[in-house]
Amino acid sequence: MKIAIAGGTGFIGKALTSLLIDNGYEVIILSRRDESISANPRTVRWLNDEDQPELYLEGVQAFVNLAGTTINSRWNPKSKAEIVSSRISAVNEIRRIIQNLPKKPRVVINASAVGFYGTSETKTFTETSHSVGNDFLAETVKKWEEEVLQIEQAGVRTVLCRFGVILDKNQGALSKMLLPYRLYAGGTIGSGKQWLSWVHIDDVARGILFAIEEDSLSGPVNFTAPEPVRMEQFGRQLAHSLNRPHWLRVPSFGLQLLLGEMSMLVLEGQRVLPEKLLDHGFIFFYPNLKDAMTDLFQD
């Protein structure tokens with residue numbers, strides 16, 4: 001099977017590409033950078049003026065879209081607009097490519113986020129939850145998913161991967177949390193009562209492959225481990241895994257001053273369960289935080 005990945009050079013894309021190649025798939029990475037002549041993965045330019053990536057994508061049976069400007073930067077009107085527009089333009093280009101292919105792909109897998117549900121310290125969210133948040137992230141995800149569902153209306157199975165906080169010790173949110181602990185200054189962030197719906201990077205890559213291969217899976221799918229934790233528990237487990245103390249509390253107002261509106265990414269959260277993945281038979285390698293941390297920080 002030939003699979004195209006947009007955003008394939010990010011940390012999710014790299015993990016997924018490696019897994020796909022190991023399982024015998026042919027991978028084409030859509031990138032703004034120059035094309036490569038590597039056989040697998042091959043890089044094809046897109047989203048540049050006059051690019052025609054569809055000329056190289058005949059026979060692609062699955063599209064995985066991970067493209068979009070990072071949300072891990074201080075938010076202002078300009079950066080917010082870019083966060084939204086980069087995601088919408090990527091989806092629109094994939095839709096255009098599909099329309100110009102002689103044969104439609106079997107499935108489109110699109111990144112999304114548990115931010116769709118909004119934040120809560122008391123509620124539990126699954127894919128059947130009708131709650132939609134009213135903050136910037138929730139509104140962004142809603143617009144993003146609405147664009148993707150237009151592809152589904154054209155007759156292509158579509159999966160919306162609502163990612164939780166993805167754990168990888170070298171990239172992503174976890175890598176940014178490590179420094180205080182390594183300096184013996186780690187501790188609870190904010191109240192510590194906010195939920196953290198996390199997932200190991202390996203289970204993310206395996207889950208995307210599962211979604212590609214499982215024809216009965218479609219619509220929103222929560223990519224979170226079955227055992228979410230509160231931030232206090234997360235910090236204590238991280239400290240234990242690093243053999244460091246957990247003692248210096250980070251007050252909410254300090255993070256708000258430092259990060260502005262983006263501070264909600266760590267000060268607020270939601271308890272999200274992966275009901276669809278479990279119901280379809282997906283088995284997590286790392287269902288609990290202790291096992292995930294042990295794997296990430298083993299010598």
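Residue indices begin at 1 and follow the sequence shown.
If you chain together hydrophobic residues whose side chains sit under 4.5 Å apart, Trp195 and Trp198 never meet in one group. By the rule that hydrophobic residues join a cluster once side-chain heavy atoms approach within less than 4.5 Å of another member, Tyr56 and Ile98 end up as members of one cluster. Hydrophobic clustering, with ILVMFWY side chains joined whenever heavy atoms are under 4.5 angstrom apart, groups Met262 together with Leu137. Cluster annotation: Val44 and Ile97 are assigned to the same hydrophobic cluster (Ile/Leu/Val/Met/Phe/Trp/Tyr, side-chain heavy-atom contacts under 4.5 Å, transitive). One hydrophobic cluster, built from ILVMFWY side chains closer than 4.5 Å, holds both Val221 and Val107.
Identified under the salt bridge (charged side-chain N to carboxylate O under 4.0 Å, His left out) test for residues 85-105, with sequence neighbours left out: Glu54-Arg96, Glu93-Arg96, Arg95-Glu147. Evaluation of the salt bridge (charged side-chain N to carboxylate O under 4.0 Å, His left out) test over residues 262-279, restricted to residues two or more places apart or in two chains, returns none. Identified under the ring-ring contact (aromatic ring centres under 6.0 Å, His included) test for residues 111-141, with sequence neighbours left out: Trp75-Phe136, Tyr117-Phe125. For the salt bridge (charged side-chain N to carboxylate O under 4.0 Å, His left out) condition, no pair includes a residue of residues 120-134, sequence neighbours left out.
In this structure Glu232 satisfies the salt bridge (charged side-chain N to carboxylate O under 4.0 Å, His left out) test together with Arg236, sequence neighbours excluded. For Asp295, the side-chain contact (heavy atoms from CB on, under 4.5 Å) partners two or more places apart in sequence, or in a different chain, are His200, Asp202, Tyr286, Gln298. Taking the salt bridge (charged side-chain N to carboxylate O under 4.0 Å, His left out) definition, one finds that Glu261 meets it with Lys80, sequence neighbours left out. When the salt bridge (charged side-chain N to carboxylate O under 4.0 Å, His left out) test is applied to Glu146, the partners found at least two apart in sequence or on another chain are Lys142. Qualifying side-chain contact (heavy atoms from CB on, under 4.5 Å) partners for Ser89, counting only residues two or more places apart in sequence or in other chains: none. Remark: Tyr25 pairs with no residue by the ring pair (Phe, Tyr, Trp, His ring centres under 6.0 Å) rule, at least two apart or across chains. Listed by chain and residue number, Arg106, Arg157 satisfy the salt bridge (charged side-chain N to carboxylate O under 4.0 Å, His left out) test with Asp215 (two or more places apart in sequence, or in another chain). In this structure, Phe234 has no ring pair (Phe, Tyr, Trp, His ring centres under 6.0 Å) partners at least two apart in sequence or on a different chain.
Around CG of Asp22, the count of heavy atoms belonging to other residues, nucleotides or ligands within 6.0 Å exceeds 12. Atom NE2 of His280 has more than 12 neighbouring heavy atoms from other residues, nucleotides or ligands inside a 6.0 Å radius. Residue Leu257 qualifies as enclosed at atom CG: its count of foreign heavy atoms under 6.0 Å is above 12. For Glu58, the CD atom sits in a loose shell: 12 or fewer heavy atoms of surrounding residues, nucleotides or ligands are nearer than 6.0 Å.
Considering all non-hydrogen atoms of both residues, Ser252 and Gly190 come closest at OG-CA, 3.4 Å.
Side-chain atoms of Asn76 come within 3.5 Å of backbone atoms of Lys78 as a donor-acceptor pair (strictly under, hydrogens ignored). With hydrogens and angles disregarded, a donor-acceptor distance shorter than 3.5 Å links the side chain of Asn48 to the backbone of Trp46. Checked by atom type and distance alone, the side chain of Arg162 never pairs as donor or acceptor with a backbone atom of Phe223 at under 3.5 Å. Put simply, the side chain of Glu145 never gets that close to the backbone of Pro220: no donor and acceptor are under 3.5 Å apart. Side chain of Thr158 to main chain of Val156: a donor-acceptor pair is present (N/O by atom type, distance under 3.5 Å, no hydrogens or angles). Here the side chain of Arg244 pairs a donor or acceptor atom with the backbone of Leu242 at under 3.5 angstrom. Ser197 contributes a side-chain N or O that, together with a main-chain N or O of Val272, makes up a donor-acceptor pair within less than 3.5 Å.
Annotation: side chain of Val159 is not in contact with side chain of Asn110 (no heavy-atom distance under 4.5 Å). Phe284 has its side chain within reach of Leu278: a pair of non-hydrogen atoms, C-beta onward, lies under 4.5 Å apart. Looking only at side-chain heavy atoms (C-beta outward), Leu30 and Pro53 come within less than 4.5 Å of each other. Contact annotation: the side chain of Ile208 never approaches that of Arg206 to less than 4.5 Å [non-hydrogen atoms, C-beta and beyond]. Contact of the Val27 side chain with the Ile21 side chain is registered, since non-hydrogen atoms from C-beta on lie closer than 4.5 Å. Contact annotation: the side chain of Leu217 approaches that of Phe210 to within less than 4.5 Å [non-hydrogen atoms, C-beta and beyond]. Side-chain contact between Val148 and Leu160: present, with at least one pair of heavy atoms (C-beta onward) separated by less than 4.5 Å. With a 4.5 Å cut-off on side-chain heavy atoms, Leu16 and Ile3 do not count as touching.
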Gln256 vs Ser263, side chain to side chain donor-acceptor pair (under 3.5 Å): CA-CA, chis, key distance, verdict | CA-CA 6 Å; Gln256 289 167 346; Ser263 63; 4.9 Å; no
Please lay out, stage by stage, how Leu167 and Leu289 fare under the test side-chain contact (heavy atoms from CB on, under 4.5 Å).
-> CA-CA 10 Å; Leu167 302 188; Leu289 187 63; 3.9 Å; yes
For Leu265 and Asn72, what are the C-alpha separation, side-chain angles and deciding distance, and is it a side-chain contact (heavy atoms from CB on, under 4.5 Å)?
-> CA-CA 9 Å; Leu265 295 175; Asn72 294 316; 3.9 Å; yes
Side chain to side chain donor-acceptor pair (under 3.5 Å) evaluation trace for Glu82 with Thr69 | CA-CA 7 Å; Glu82 177 60 23; Thr69 298; 3.1 Å; yes
Test side chain to side chain donor-acceptor pair (under 3.5 Å) applied to Ser131 and Ser129, step by step | CA-CA 6 Å; Ser131 173; Ser129 300; over 6 Å; no
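Screening Leu20, Ile29, Ile28 for a side-chain contact (heavy atoms from CB on, under 4.5 Å) with Pro41, the sole residue that qualifies is Ile29.
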